[in-house]
Amino acid sequence: MEMRSSEEIEIGRDITPTLTPLTFSLHDSNLNTHCSACFSPLSSPSPSIPIPNPLIYCSPPCSAALSPLHHASAETLLPSSAHSSHLRAALRLLRSHRPSPSFRLAGLLSNRRILTSHHHDHVSERIRLDATVMAEAIAEQRAVPHDDAVLEEATIALCAVLTNAVEVHDNEGRALGIAVFDPTFSWINHSCSPNACYRFILSSFPSNEPELLRIAPHPQMGSGGVCVSSDEFAKEMLGYGPRLVVRSIKKIKKGEEVTVAYTDILQTKATRQWELWSKYRFVCCCKRCSDLPLSYVDHALQEISAFSYDSTSSYSMFLKDMADRRLTECIDDVISEYLSVGDPESCRDKLEKILTQGLNEQLEDIKEKSDSKFMLHPLNHHSLTAYTTLASAYKVCASDLLSVDSDIDINQLKAFDMSRTSAAYSLLLAGATHHLFNSESSLIASVANFWIGAGESLLFLSRSSGWSMRVNLGLMVPNLASAIKFKLSKCSLIDRIRTCISNGQINSSDFENVSSEFIYYVSNITQKVW
């Protein structure tokens with residue numbers, strides 16, 4: 001399937017109306033903290049209760065919209081061990097939309113044959129087990145035998161969700177759940193250098209602005225057998241769930257294919273290829289992936305600096321590959337421990353040691369090259385992940401210090417320094433990705449988010465009472481402290497960027513002007529902060 005531009009599209013233009021999902025579901029971890037119909041945070045999160053249980057809604061209209069489908073879709077009959085966002089979404093899709101004669105649900109490509117053809121593959125086995133559980137629940141709900149026809153329906157619905165679902169994130173980047181949209185979005189193909197991106201709208205207030213659809217299926221694609229049900233469940237769901245808008249991030253010619261990224265394009269080529277194959281069963285052949293030698297960005301994202309290293313040795317490639325695996329394991333282990341245990345001090349110490357000291361003793365098993373030392377390049381994708389995690393860890397450390405006793409001066413000063421370091425890592429992340437963006441313009445959405453995060457960290461820091469405390473204690477000269485108040489009123493640039501992004505009216509000249517102003521002010525503030 002393929003979607004093409006039906007007109008000339010400038011950068012920064014919304015190219016679809018606000019799209020409502022065909023089906024959606026919160027992740028299990030958010031069922032007690034967010035509304036199951038609109039994904040908005042609950043004013044008073046419910047205590048953790050085991051699944052299955054009645055879903056929680058933020059208002060009577062949300063309950064009226066989704067509760068009937070929740071009970072009619074057979075998801076309440078799933079065993080507690082089998083519940084997942086994908087199974088719930090698949091059951092709701094099957095209940096609210098009739099398959100076409102070609103057994104497509106709402107025109108969605110299911111990839112069933114591709115996903116289930118590898119009989120001993122873990123993905124195929126997982127689909128087989130989950131579809132069986134779904135079929136049993138459906139048969140019980142319908143009071144019919146659990147036969148091959150029911151299993152086929154369940155398999156098609158599950159594969160359609162696995163193939164077309166997108167992860168829904170809030171404004172802070174937290175994953176809330178999944179949603180499946182109609183072919184207007186689902187037929188858009190992937191590229192690692194896309195010309196479009198998408199954003200989610202979680203508010204319950206639809207825009208009154210006129211919206212245009214600027215893309216259409218390729219003429220040779222046909223309609224795909226679209227057959228969307230008009231039963232009462234589909235009508236009740238209309239307008240609920242996380243909504244989505246597709247936006248251009250490059251200039252798109254009339255008739256040019258529109259593409260988005262299915263995976264994080266700030267990852268290495270090998271990681272992107274692995275993720276796309278494991279989830280969607282295709283090998284990306286976009287221009288960025290086909291470039292030989294690797295593009296500057298892909299080379300930087302995987303670069304490892306080597307010291308006391310003989311590149312002519314027969315061990316050279318083996319050593320570098322081993323170092324790459326070890327560094328990957330070290331970073332992943334530290335971040336996993338931080339997310340599960342929640343020890344920010346241990347996390348920051350371990351990550352900073354890896355970034356500043358790299359690997360040496362971990363390669364002692366190769367005696368010929370025991371003196372080799374390998375470090376992550378500052379633009380390596382693991383370094384970027386480390387900057388993100390360190391900014392979070394230092395911010396948590398600062399908050400923890402103030403929560404112990406905010407009246408103690410020493411705690412306030414330590415918290416201030418922690419906040420300053422957190423802002424520094426946010427700025428480092430924004431600067432590093434901005435450098436990559438200069439060579440790969442499709443990174444604009446990631447760069448914009450990182451700059452907003454860095455700007456907010458700097459503004460928070462510049463307004464901190466820690467500056468005056470340092471002056472009072474003789475740790476800073478007064479004129480420097482006063483200079484920090486650098487026309488903060490003009491730093492409402494962040495609000496201007498967000499307003500332009502939310503209403504879809506930003507154009508390339510606006511973006512360049514605002515970006516230039518923003519970088520100018522950030523540069524002036526940072527010279528005085530550090």
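All values below come from the heavy atoms of this structure, side chains included, with hydrogens, waters and symmetry mates left out. This one's a predicted model, so the numbers in the text were calculated from it and none came from an experiment.
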Should His70 and Tyr57 be marked as a side-chain contact (heavy atoms from CB on, under 4.5 Å) after you check the CA-CA gap, both sets of side-chain angles, and the distance that decides it?
CA-CA 12 Å; His70 166 229; Tyr57 305 99; 4.1 Å; yes

Any donor-acceptor pair under 3.5 Å linking the side chain of [X] with the backbone of [Y]?
{"X": "Asn30", "Y": "Leu176", "answer": "yes"}
{"X": "Gln273", "Y": "Val283", "answer": "no"}
{"X": "Asn195", "Y": "Thr259", "answer": "yes"}

For Leu69 and Tyr240, what are the C-alpha separation, side-chain angles and deciding distance, and is it a side-chain contact (heavy atoms from CB on, under 4.5 Å)?
CA-CA 12 Å; Leu69 177 62; Tyr240 284 87; over 6 Å; no

Kindly state each residue pair satisfying salt bridge (charged side-chain N to carboxylate O under 4.0 Å, His left out) with at least one member in residues 131-145, sequence neighbours excluded.
Arg142-Glu153

Pairs involving residues 273-299, ordered by first then second residue, that meet salt bridge (charged side-chain N to carboxylate O under 4.0 Å, His left out) (sequence neighbours left out)
Asp121-Arg281, Arg272-Asp298, Lys287-Asp291, Arg288-Asp298

Aromatic centroids of His434 and Phe437 separated by under 6.0 Å:
yes

Using ring pair (Phe, Tyr, Trp, His ring centres under 6.0 Å) as the criterion, list what pairs up with Tyr280, not counting sequence neighbours.
Tyr262

Please report the interatomic distance [atom1]([X]) to [atom2]([Y]), rounded to the nearest 0.5 Å.
{"X": "Ile156", "Y": "Asn111", "atom1": "CD1", "atom2": "CG", "result": "12.5 Å"}
{"X": "Asp182", "Y": "Thr23", "atom1": "CG", "atom2": "OG1", "result": "13.0 Å"}
{"X": "Leu93", "Y": "His86", "atom1": "CG", "atom2": "NE2", "result": "12.5 Å"}
{"X": "His146", "Y": "Leu151", "atom1": "NE2", "atom2": "CG", "result": "5.0 Å"}
{"X": "Ile56", "Y": "Ser36", "atom1": "CD1", "atom2": "OG", "result": "7.0 Å"}
{"X": "Ile265", "Y": "Cys197", "atom1": "CD1", "atom2": "SG", "result": "9.5 Å"}

Indicate yes or no: does [X] engage [Y] in a salt bridge with an N to O separation below 4.0 Å.
{"X": "Asp14", "Y": "Arg199", "result": "yes"}
{"X": "Lys251", "Y": "Glu10", "result": "yes"}
{"X": "Glu152", "Y": "Arg112", "result": "yes"}

Is a side-chain donor-acceptor pair under 3.5 Å present for Thr328 with His382?
yes

Looking just at side-chain N and O atoms, do Ser193 and Glu440 make a donor-acceptor pair shorter than 3.5 Å?
yes

Any chance you could lay out the side-chain contact (heavy atoms from CB on, under 4.5 Å) test for Val150 and Asp147, step after step, and finish with the verdict?
CA-CA 6 Å; Val150 176; Asp147 56 16; 3.2 Å; yes

Assess whether side-chain contact (heavy atoms from CB on, under 4.5 Å) is satisfied between Leu26 and Thr33, documenting all intermediate values.
CA-CA 10 Å; Leu26 288 169; Thr33 58; over 6 Å; no

At their closest point, which heavy atom of Ile127 faces which heavy atom of Thr116, and how far apart are they?
CG2-CG2, 3.9 Å

So which of Lys254, Arg13, Arg214 actually passes salt bridge (Lys or Arg N to Asp or Glu O under 4.0 Å) with Glu7?
Arg214

